[in-house]
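I have placed the structure first, in the form of structure tokens, so that the comments after it can refer back to it.
Values below: every heavy atom of this structure, side chains too, minus hydrogens, waters and symmetry copies. Convention: sequence-line order gives letters A, B, ...; per-chain numbering from 1.
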Protein chains: 2
Amino acid sequence: MDTPKHALTVDNVIFGFDDGELKVLIVKHGEGESRGRWGLPGDWLYPDETLEQAASRVLLDRTGVRDIFLEQLHAFSEPQRHPGERIITVAFFALVRSDAHALSVGKTELDARWVNVRETPELIFDHNTILTKALARLKHKVRHEPIGFNLLPEKFTLLELQRLYEAVLDISLDKPNFRRKMMKMNLLVSTDEKQSGVSYRAANLYRFDLRVYKELTEQGFVFEV
Amino acid sequence: MDTPKHALTVDNVIFGFDDGELKVLIVKHGEGESRGRWGLPGDWLYPDETLEQAASRVLLDRTGVRDIFLEQLHAFSEPQRHPGERIITVAFFALVRSDAHALSVGKTELDARWVNVRETPELIFDHNTILTKALARLKHKVRHEPIGFNLLPEKFTLLELQRLYEAVLDISLDKPNFRRKMMKMNLLVSTDEKQSGVSYRAANLYRFDLRVYKELTEQGFVFEV
DNA sequence: TCAAAAGTGTTAACTGTACACCCATGC
DNA sequence: GCATGGGTGTACAGTTAACACTTTTGA
């Protein structure tokens, strides 16, 4: 039996939220034909790891974070997507908290940078397509699952949460209604703390309560924007 | 540069709807260690085709249908998922109309059969996991996109549509309310025809209008259950 | 006339949306 | 006092959910 074999990589679309903007991490390649051009951080799949492990490894290498939201996006397999050798890539998308940014540049790379997700330069191969698909997925998921919290620090104000939704979905929302909607879900726990260092009335800080979410989900609760 | 290479297959979860039941197509393997056991229809990825082309090929081989709803589900890459050699598989899920069933058995298979999706035998490798994931995806998608129509014949009654939703979601629905909800979307076009051969009042037959759906979608319409 | 499903009507409860408003704080 | 955001109230429109009801048809 002949079993055709294929070169396989993983590429990560790593989203972050900072300054009220949704950002994505891109790296400048330092080797091969694509030297000097921007792309998504990725690597080969090693023989004894899962795709998820490879993606986690790339994420850890570049941002220093682990145990973060990471999910398979799609396998891209156009035979011509990569010049020269055929390479199939499995793309992942990851969400990191803005307070956990500690970028580091990979061995074969020249630079790494957070850029506004709607103002990216042209990327190598089909990476723009991958990014577009990841953004569409994020926009969809954020409405149906409480994954947005992965982009915020542990404690956050309701307006920060609203700004996150506005940045991800590229819309504007009504403050009183957004606030009520969120509060009614009982997923946010008020902390004793308040915002500090602001020149206006300090807002209450909230935490997202994963345990409550799981309980509610078991009872049939469905998260919707 | 060393590039580790990997054996890659596609496996299809092919859903059909018949007798008011949601079914899935499984095949009995005729070769190798898994001879005599049931699994999902799949094949190797060939060197010059995309994963989607490979999945379409498998679908065409087994059911004789082409141009059908087919979408990537997930890549499964546990190093131990397949005994012996490491094989990574990319799973797809497909929806076929019940009036298009013309099963044929692949060269290396002994049998092919539609089984109720909630009464499947034990499947080889991680195929039960794949099926579970496909079903979850179907349940989710059917609520947010009008893909359910891919499981019905060209013309159908409102009750058939309702029964489809009930089978997929494993719930029961209120007839008057379901009917109004669907009609209000303006996606169904009434045909001149009526059901025939039934011993009760014949229901009107409807078609799903893809063109209207696309127009509405551009105007911001969102399909929900 | 009965069974089965087609199809309509009505109501009360709940949600979404828009927007007016007051509160607290630092400069 | 003013700008900025925090936070509450309200009221109308629209939607959902439950279910009672009439109609049509073949056997």
- So do the side chains of B/T157 and B/Y206 get within less than 4.5 Å of each other, counting heavy atoms only? no
Specify the separation, in whole Å, of atom [atom1] of [X] and atom [atom2] of [N].
X      : N      : atom1 : atom2 : answer
B/R163 : C/dA5  : CZ    : C1'   : 9 Å
B/F178 : C/dG7  : CZ    : P     : 14 Å
B/L161 : C/dG7  : CG    : C1'   : 16 Å
B/Q195 : C/dG7  : CD    : C1'   : 13 Å
A/K181 : C/dG16 : NZ    : C1'   : 7 Å
A/M183 : D/dG6  : CE    : C1'   : 13 Å

5' to 3', nucleotides 19-27 of chain D under a 4.0 Å protein heavy-atom cut-off (B base, S sugar-phosphate only, - none) gives BB--BBBS-
Indicate, yes or no, whether a donor-acceptor pair under 3.5 Å links the base of C/dA5 to the side chain of B/K175.
no
Contacts satisfying side chain to side chain donor-acceptor pair (under 3.5 Å) that involve residues 66-78 of chain B (not counting sequence neighbours) are A/Q72-B/H74, A/H74-B/Q72, B/E52-B/Q72, B/E71-B/K141
Can you see whether B/E166 engages B/Q162 through a side-chain donor-acceptor pair at a distance of less than 3.5 angstrom? yes
OP1, OP2 of D/dT16 versus side-chain N and O of B/K184: anything below 4.0 Å?
yes
Base, sugar-phosphate or nothing for B/L159? Non-hydrogen atoms, less than 4.0 Å. sugar-phosphate
